[in-house]
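In what follows, every chain begins at residue 1, and chains take the letters A, B, ... in the order their sequences are listed. Everything numeric here is computed off the predicted structure, so don't read it as measured data.
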Amino acid sequence: MLSSLTSQLRTIWTILQHSFTKAETVQYPEQMPYLAPRYRGRIVLTKDPDGEERCVACNLCAVACPVDCIALQQAVKEDGRWYPEFFRINFSRCIMCGMCEEACPTNAIQLTPDFEMCEYDRSNMVYEKEHLQIDGTGKYHDYNFYRVSGLAIKGKDKGQASNEAPPIDVKSLLP
Amino acid sequence: MMEMLFYLAALVALLATVLALTRANAAHALIYLIVSLLAVAVLFFLMGAPFAAALEIVIYAGAIMVLFVFVIMMLNVGEEGVAREREWLGGRNWIVPGILSALLLLELLLALRHAPAATSGTAVAPKAIGLTLFGPYVLAVEIASMLLLSGLVGAYHLGRRFIVRRERKR
Amino acid sequence: MSELDTIGFGLVIIAAAVGGAAILTWFERRLLGVWQDRYGPNRLGPFGVLQVAADMIKLLTKHDWVPPFADRAVFVFAPTAIVVAMLLGFAVVPFGPDLYILDINIGLLFFLGMTSLAVYSVLLGGLASNNKYALLGGLRSAAQMVSYEVFMGLSLMGVVMLTGSFNLRAIVEAQRDLWYCIPQCLGLFTFLIAGIAESHRLPFDLPEAEHELTAGFHTEYGGMKFAMFMLGEYLGLLLISCMITTLFFGGWLGPWLPPIVWFCLKVFVLICFFILLRAAIPRPRYDQLMALGWKVMLPLTLLNLLATGAIALLLEGA
């Protein structure tokens, strides 16, 4: 009984001492918090160092997305290269988890350190391709998917690297 | 002026009491009863008994009626309770209590006809009340306190049995 | 004072009390911020004081809704009761030697009566909402109020014994030599705790208890009706502070400064203390609250009463 009373009084005294401590609050709009370069914020689509869009419309990001906020339609250019006809992210559903970034084989889809995406109208939270596409290369400046994958390099032909299966002969019926 | 206030308060008290009797919803009836008690407190105050008025508010309106409302909340009477109450309040059930109270009222009026004027008109200070209570009326005070004590012991006994049973279950 | 002056002064007091309660909502949030190492509302106006106005506009423009399953008349009546009772309570407070509305010889009892009537607001609000959380909140408040009212009245009887009067002005005058907070320290302690419980503020806000009962008795209330409950609570805080000042800290008495300034200063310090309690102490469990009331506080007040009576008699005999 007496010990609990002293405990209460000590609590009051401790709190009273906090009159002289500084507030921990960050005054946000005036005082911006530091965001790391790899902070997971607004999603962008990036381009090759050559200026071609990286996205090959493989749909892996849409599959990986746990909240199903990504929708895209694949189309084929004259040279046979795939590209997204439309690419749509509903940011009112997006949870900024970064799964799409991890799933992307071409590093096209990337998350950026920007989180200030408020809108008065909810339908404005749906970003189309022209809103998502940027002209730069994002976080990976020298990476070009078509220069790295499926290529023979010095001393190794296609399918000879470790963990790599030989290329499939698409014209054969054998399993 | 004072007389008008008195009659106004008396009217409120009467109306509230009648409404308290006739309401089917228990919560509404209790609110009217509280209003009636408050009006009676005003009557006491106007008749020069401010101490009694204050006690009426503190004890009757403020504590005892709270317990009444508490019980109503615990019982949780719903729509069917209101319907049953309405049935009980209707028609014939009024006759016998009505006659009995009318007789009492008549007797009261007859008795009061020869009574002296109601109040002296002077306010009684709390100190005087205390001196009277613990002077000439000390026996009544003691008897009342014994009664309350027995009530307290009884309540404790009932509560204790409940506590013991719960502990045995554990 | 003439009758007209009294009415005018009464209006001034009502305006001051309601305005003070409104400012208090902001002040409390700022002060809690200080003690919890944050800022609190600091954006609107100087030091964020216009937050009060913003809150008021928000509450006033909200949809004034009565749930269809509620007992409509009682539901609407309930929030008014607490505000009216608390405002009436201010009538007997002597703010200065000549600054008072009512000077009656049962002032203290009047105050007790008004605080006990304020219970109905919570009780009927909980009952009329027809909601189980509200009902539980109402039940809790009923039991809590009745238990704490018992020793709230008794804890003041020591003061009454020493003064020999229920008149609040006489009580203040009797403290010219020594404030009652010293001879009546036990009474002060118990009255303080009862006062917090009566105005159901933290740490004794079990009728509300956000994380158990959503919002307790005012779960179904919104807009202006909720604002009335809030106003009543802050008026209660003001009233209790005024009463503690009057009864234990010598009311308007004090050197150099004018009486009303002393009174306000003391009330201000007490309010800060109440807010400190809110910042520091967690809410007890319900059975702990009841046990504290009946097993600790009531015996303490009775002890205080007995000792005060004995000493007063001894001093009179000597």
Enquirer: Do you know the tightest heavy-atom contact between G62(B) and S116(C)?
Expert: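 Here G62(B) and S116(C) meet closest at CA-OG, 3.7 Å.
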Enquirer: Chain C heavy atoms under 4.5 Å from I34(B): which part of the residue, side chain, backbone, both or neither?
Expert: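 For I34(B), the contact with chain C is made by the side chain alone.
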Enquirer: Of all the heavy-atom pairs spanning F70(B) and A142(C), show the shortest one and how long it is.
Expert: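 Reported closest heavy-atom pair: CD1-CB, 3.4 Å.
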Enquirer: Taking the side chain as C-beta and beyond, is there a heavy-atom pair between L139(C) and M74(B) under 4.5 Å?
Expert: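 They are in contact (side-chain heavy atoms under 4.5 Å apart), so the answer is yes.
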Enquirer: With a 4.5 angstrom heavy-atom cut-off, is it the side chain or the backbone of L38(B) that approaches chain C, or both, or neither?
Expert: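 When you check distances to chain C, only side chain atoms of L38(B) fall under 4.5 Å.
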Enquirer: Rounded to the nearest 0.5 Å, how far does NE2 of H28(B) lie from CG of L124(C)?
Expert: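 Interatomic distance, L124(C) CG to H28(B) NE2, rounded to 0.5 Å: 9.5 Å.
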Enquirer: Would you name the heavy atoms of A63(B) and E149(C) that are closest together and state the gap between them?
Expert: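 Taking every non-hydrogen atom into account, CB-OE1, 4.2 Å.
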Enquirer: Between V150(C), L127(C), N130(C), V146(C), which shows the greatest number of heavy-atom pairs under 4.5 Å with chain B?
Expert: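 That would be L127(C).
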Enquirer: So which of A27(B), A54(B), A61(B) has the biggest tally of heavy-atom pairs under 4.5 Å with chain C?
Expert: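 Highest number of pairs under 4.5 Å: A61(B).
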Enquirer: With side-chain contact (heavy atoms from CB on, under 4.5 Å) as the test, would you mind laying out the steps for L112(C) and I57(B) before giving the verdict?
Expert: CA-CA 9 Å; L112(C) 287 175; I57(B) 293 175; over 6 Å; no
Enquirer: State, yes or no, whether a side-chain contact exists between V69(B) and V119(C) at a heavy-atom distance under 4.5 Å.
Expert: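 The answer is no; the side chains never approach within 4.5 Å.
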Enquirer: Take atom OH of Y286(C) as the centre, draw a 6.0 Å sphere, and report whether it contains more than 12 heavy atoms from other residues, nucleotides or ligands.
Expert: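 Buried by this count: over 12 neighbours within 6.0 Å.
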Enquirer: Quick check: closest heavy atoms across V66(B) and Y120(C), and the distance to 0.1 Å?
Expert: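 Looking at all heavy atoms of both residues, the shortest contact is N-OH, 3.4 Å.
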Enquirer: Is it the backbone or the side chain of A143(C) that comes under 4.5 Å from a heavy atom of chain B, or both, or neither?
Expert: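 Answer is both: backbone and side chain atoms of A143(C) are under 4.5 Å from chain B.
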Enquirer: Please find the pair of heavy atoms, one from I106(C) and one from P50(B), that lie closest to each other, and give the distance.
Expert: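 Answer, listing the atom of I106(C) first, then P50(B): CD1-O, 3.3 Å.
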Enquirer: Determine the minimum heavy-atom distance between L109(C) and V58(B), stating which atoms define it.
Expert: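 Answer, listing the atom of L109(C) first, then V58(B): O-CG2, 3.7 Å.
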